Participant: 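Structure incoming, see below.
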Amino acid sequence: MPVMHLDHVAIVTPDLDLGSAPYLALGLQPEGPDEEVGTQGVRVRAFVVGETLIELLTPTRPDSPIAAFLEKRGPGLHHTAYRVDDLDAEMARLRSEGARFLNEAPTPGRAGTRVAFLHPKWGAGTLIELVEHAPGAAH
Ligand SMILES: CC[C@@H](C(=O)O)C(=O)SCCNC(=O)CCNC(=O)[C@H](O)C(C)(C)COP(=O)(O)OP(=O)(O)OC[C@H]1O[C@@H](n2cnc3c(N)ncnc32)[C@H](O)[C@@H]1OP(=O)(O)O
Ligand SMILES: [Co+2]
C-alpha cells in the first residue's frame, strides 16, 4: 500500500482576494502567482501550510465544475487532494477495488501536476483528488 501525503485542501470562492483574507490574516503566504487551469475552468491561488497547500479556486467560466458547486452550495470546502508517486498505477489499483473515478485518464492540474478525481459518492460525501507532481517539484 503506497504512503500518501495530503497535497492540498481546496476552497471555492467567488473572488480570490475575498477568499484570501482569512489566510493572509493567519500569516500564510501565496506560493507564486495565481494560475489559470483551462481544462478545469478555474483560477487558483495556493497558500503554503508546511508541507501542504490551501488551494483557493474561483471559476473562470459558467461550465466550470466549481461554478455549479458555488451556485448549489456557496463558498467553502470543495475537495482534499492526496499526493501519489505514480498516478496511473494508483488509478489502476483503486479501480481494481471498485473505485469510481470522474476521469478516464489523468488530466493537467496546477503547477505541472497530473490529477484525477474520485466521485463524492465513492468518497463518502467528499470529493477526493489524487495528484502526481513532476519529478523534483516541491509542492
Ligand atoms: C486547480 C486545478 C486542480 C488542481 O490542480 O488541484 C483542481 O483542483 S480543479 C477543481 C475543480 N475540478 C473538479 O472538481 C473536477 C471534478 N468534479 C466534477 O466532475 C464535478 O464537480 C462533480 C464532483 C461530478 C459534481 O458535479 P455536479 O455537476 O455538481 O454533479 P451533481 O450535482 O450530480 O453532483 C453529484 C453529487 O455529488 C455532490 N457533490 C458535488 N460536488 C461535491 C463536492 N465538491 N464535495 C462533496 N459532494 C459534492 C452533489 O451534491 C451530488 O450529491 P447528491 O445531490 O447527494 O446526489
Ligand atoms: Co485540487
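All values reported here derive from a predicted model rather than from experimental measurement. First listed ligand is number 1; within each ligand, the first listed atom is number 1.
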Participant: When only distance counts, is His119 in polar contact with ligand 1, meaning an N/O pair under 3.5 Å?
Facilitator: no
Participant: If you look at Glu55, which of its N/O/S atoms is nearest to the Co ion (ligand 2)?
Facilitator: OE1
Participant: How does Leu127 reach ligand 1, if at all, at less than 4.0 Å between non-hydrogen atoms: by side chain, backbone, both, or neither?
Facilitator: both
Participant: Return a yes/no value for Thr126: is any of its N or O atoms, backbone included, closer than 3.5 angstrom to an N or O of ligand 1?
Facilitator: no
Participant: Is the closest heavy-atom distance from Gly125 to ligand 1 below 4.0 Å?
Facilitator: yes
Participant: Do NZ/NE/NH1/NH2 and the carboxylate oxygens of Glu90 and Arg83 come within less than 4.0 Å?
Facilitator: no
Participant: Is there an N/O/S atom in Asp7 at a distance below 2.8 Å from the Co ion (ligand 2)?
Facilitator: no
Participant: Once the angle between the rings of Phe47 and Tyr23 is folded into 0 to 90°, is it parallel (under 30°), tilted (30 to 60°) or perpendicular (over 60°)?
Facilitator: tilted
Participant: Closer than 4.0 Å to some heavy atom of His8 - which atoms of ligand 1 meet that?
Facilitator: 6 (O)
Participant: Nearest 0.5 Å, please: how far is OG1 in Thr113 from CD in Glu132?
Facilitator: 9.0 Å
Participant: Taking salt bridge (charged side-chain N to carboxylate O under 4.0 Å, His left out) as the definition, give me every residue that meets it alongside Asp88, ordered by chain and number, with sequence neighbours left out.
Facilitator: Arg114
Participant: Just to confirm my output: which protein heavy-atom neighbour is closest to atom 9 (S) of ligand 1, and how far is it?
Facilitator: Gln40 CG, 3.6 Å
Participant: Can you pull out the closest protein heavy atom to atom 50 (O) of ligand 1? Residue, atom name and distance to 0.1 Å, please.
Facilitator: Arg73 NH2, 2.8 Å
Participant: Numbering the atoms of ligand 1 from 1, which are under 4.0 Å from a heavy atom of Leu57?
Facilitator: 1 (C), 10 (C)
